[in-house]
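What follows is a single structure, written as C-alpha cells, with notes after it.
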Amino acid sequence: MPELPEVEVVRRGLERWVAGRTVTEVEVLHPRAVRRHPAGGADFAARLKGQRFGVARRRGKYLWLPLAETGTSVLGHLGMSGQLLVQPEDAADEKHLRIRIRFAASDSDSVRGAAGTELRFVDQRTFGGLSLHDQTPDGLPDVIGHIARDPLDPEFDDAAFHSALRLRRTTVKRALLDQSLISGVGNIYADEALWRSRLHYDRPTATLTRPRSAELLGHVRDVMNAALEVGGTSFDSLYVNVNGESGYFDRSLDAYGREDEPCHRCGTPMRRRAWMNRSSYFCPRCQRPPRAGA
DNA sequence: CAAGGCTCCTGATAGC
DNA sequence: TGCTATCAGGAGCCTT
C-alpha cells in the first residue's frame, strides 16, 4: 500500500532510470489503467509516442513525468497495489501488467545502465493508473489542483494547517486523510502518527491546540522520514527500489495491524475499530476517546 | 459549500 | 475439497 514515502521512492527511481528517455511505443493492456484519461488508451498511446520524459515530480501520492517541451505530463497514481517497474525488455510480463512503455535505443538515450529496459505499470487491483494532462503555470497537472502540499514539501504551511483544522467540523483522522488539507497521508501512517501523538482518531479537530497539532504534524513527518530512510536508498540497483517497497511495514509499525498485541508504550492490548469502511488501530489507554459531545 | 458515505477492483483468508 | 463471505483501501463522485 504505497503512501507518500513509497511514492517518493518510486519518483527517485524514475528520476534515475527514465528521465531523458524518449518513448517509442506504448501498450495499454487494461482500460481501467487509463480511466483518468478520458480520450482512452489509444489516444494515450498515440500522444505519448515520440515524447521525451523530464524529471519526475511528486505531490502527496501523485507523481508525474513532464514531457519535455509540450506543457503536458503523464500523471500517475499507484492506488492500492500499483507499481512502476523498470524491467529488461525481454523479461516475462507480470501477471497484472497494465501498461508498457518502450524507449528509444538511440545514442541520445544516455541514461546510464538503462539500455534495453522498459517502463511497466503493474497493478493488481486497478485502483491506480496513468493519464495525460496539461500543466498549470506552476507545473502541476491541471487535475490535481485540489491536492494540498504534503508535509515534506518545504512550502507546506504549518500555521495554515492548524487554522484549517480549527475551522473544520470533523475528526482528526478524517482530516489527516483529506488530501485537500494535507496530502500523502494514508490509513497506515495516519494510525502511526496518531499513536505517537497519543490522539484518538475520533477527536474533533476543533479541540486541537496549536502545540497538539504541531506535535501531530511532527510525528507525521517523523514516520514518513523513517520510512523514506529505509526504502529510499541505493538507486543503482535496478530491481530493488523502483517498485516502492520500503520494507518499513514489517519492522517498525506501532499501531497499524496490531490488534490484540501489546501497546509498545504501555502494554495494553491494541484495539481495532471499523471506521470509514476500513480499520483504525489504537491503544485504548494511550489514546483516550474524546468525551461524548465534546 | 462542507461533510460523510458509496464505489470501483482482485486476491488472500476464514468459515462452513 | 470447494464454495461463499469478508476484508483491504485511495480518491472521485454523489448525497445530504
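All chains are named by letter (A, B, ...) in the order of the sequence lines, taking the proteins before the strands, and each is independently numbered beginning at 1.
- Taking the charged nitrogens against the carboxylate oxygens, A:Asp150 and A:Arg58 do have a contact shorter than 4.0 Å, which makes a salt bridge.
- No side-chain donor-acceptor contact under 3.5 Å links A:Glu94 and A:Gln83.
- Both A:Leu216 and A:Tyr201 are members of a single hydrophobic cluster when ILVMFWY side chains are connected at heavy-atom separations under 4.5 Å.
- Within residues 270-283 of chain A, the residues approached by DNA chain C to less than 4.0 Å at the level of any non-hydrogen atom are A:Arg272, A:Arg278, A:Ser279, in residue-number order.
- Using cut-offs of 30° and 60° for the angle between ring planes, the A:Phe156 and A:Phe161 rings count as tilted.
- Checked by atom type, the side-chain pair A:Thr136/A:Asp142 shows no donor-acceptor distance below 3.5 Å.
- Partners of A:Glu15 under the salt bridge (Lys or Arg N to Asp or Glu O under 4.0 Å) rule, at least two apart in sequence or in another chain, are A:Arg11.
- In A:Arg221, the CZ atom is crowded: over 12 heavy atoms of neighbouring residues, nucleotides or ligands sit closer than 6.0 Å.
- Heavy-atom distances under 4.0 Å link DNA chain B to A:Arg168, A:Arg169, A:Thr170, A:Arg174 of residues 162-175 of chain A, given in residue order.
- Between A:Glu6 atom CD and C:dG10 atom P the separation is 11 Å, expressed in whole Å.
- The residues A:Arg47 and A:Asp43 are annotated as salt-bridged, a charged nitrogen and a carboxylate oxygen being separated by less than 4.0 angstrom.
- A:Thr126 and A:Arg32 share a donor-acceptor pair across their side chains, judged by distance under 3.5 Å alone.
- Salt-bridge annotation for A:Asp202 and A:Arg273: absent, with no side-chain N of the basic residue lying under 4.0 Å from a carboxylate O of the acidic one.
- Between A:Arg35 and A:Lys95, it is A:Arg35 whose nearest contact on DNA chain B lies nearer the 5' terminus.
- As rounded to whole Å, 14 Å separates atom C1' of C:dA8 from atom CD of A:Glu259.
- In terms of hydrophobic clustering, with Ile, Leu, Val, Met, Phe, Trp and Tyr side chains grouped at heavy-atom distances under 4.5 Å, A:Leu228 and A:Leu176 are assigned to a common cluster.
- Along DNA chain B, the stretch of nucleotides lying under 4.0 Å from any heavy atom of chain A spans, 5' to 3', B:dA3 to B:dG11.
- More than 12 heavy atoms of other shown residues, nucleotides or ligands fall within 6.0 angstrom of atom CZ in A:Arg102.
- Of all the residues in residues 123-142 of chain A, A:Arg125, A:Phe127 reach under 4.0 Å from DNA chain C with at least one non-hydrogen atom.
- Residue-level contact check: A:His146 touches the backbone only, with heavy atoms under 4.0 Å from sugar-phosphate atoms and none from bases.
- Considering only side-chain N and O atoms, A:Tyr62 lies under 4.0 angstrom from the phosphate OP1 or OP2 of C:dG12.
- Look at A:Asp93 and A:Arg100 and you find a salt bridge, because one of the NZ, NE, NH1 or NH2 atoms lies within 4.0 Å of a carboxylate O, short of that distance.
- In this structure a side-chain-to-backbone donor-acceptor pair under 3.5 Å is present from A:Trp64 to A:Gly139.
- Here A:Leu165 contributes atom CG and A:Leu208 contributes atom CG; the two are 6.0 Å apart, rounded to the nearest 0.5 Å.
- With axes fitted over five pairs at each extremity, the angle between the ends of the helix from B:dA2-C:dT16 to B:dC16-C:dG2 is 50° (10° resolution).
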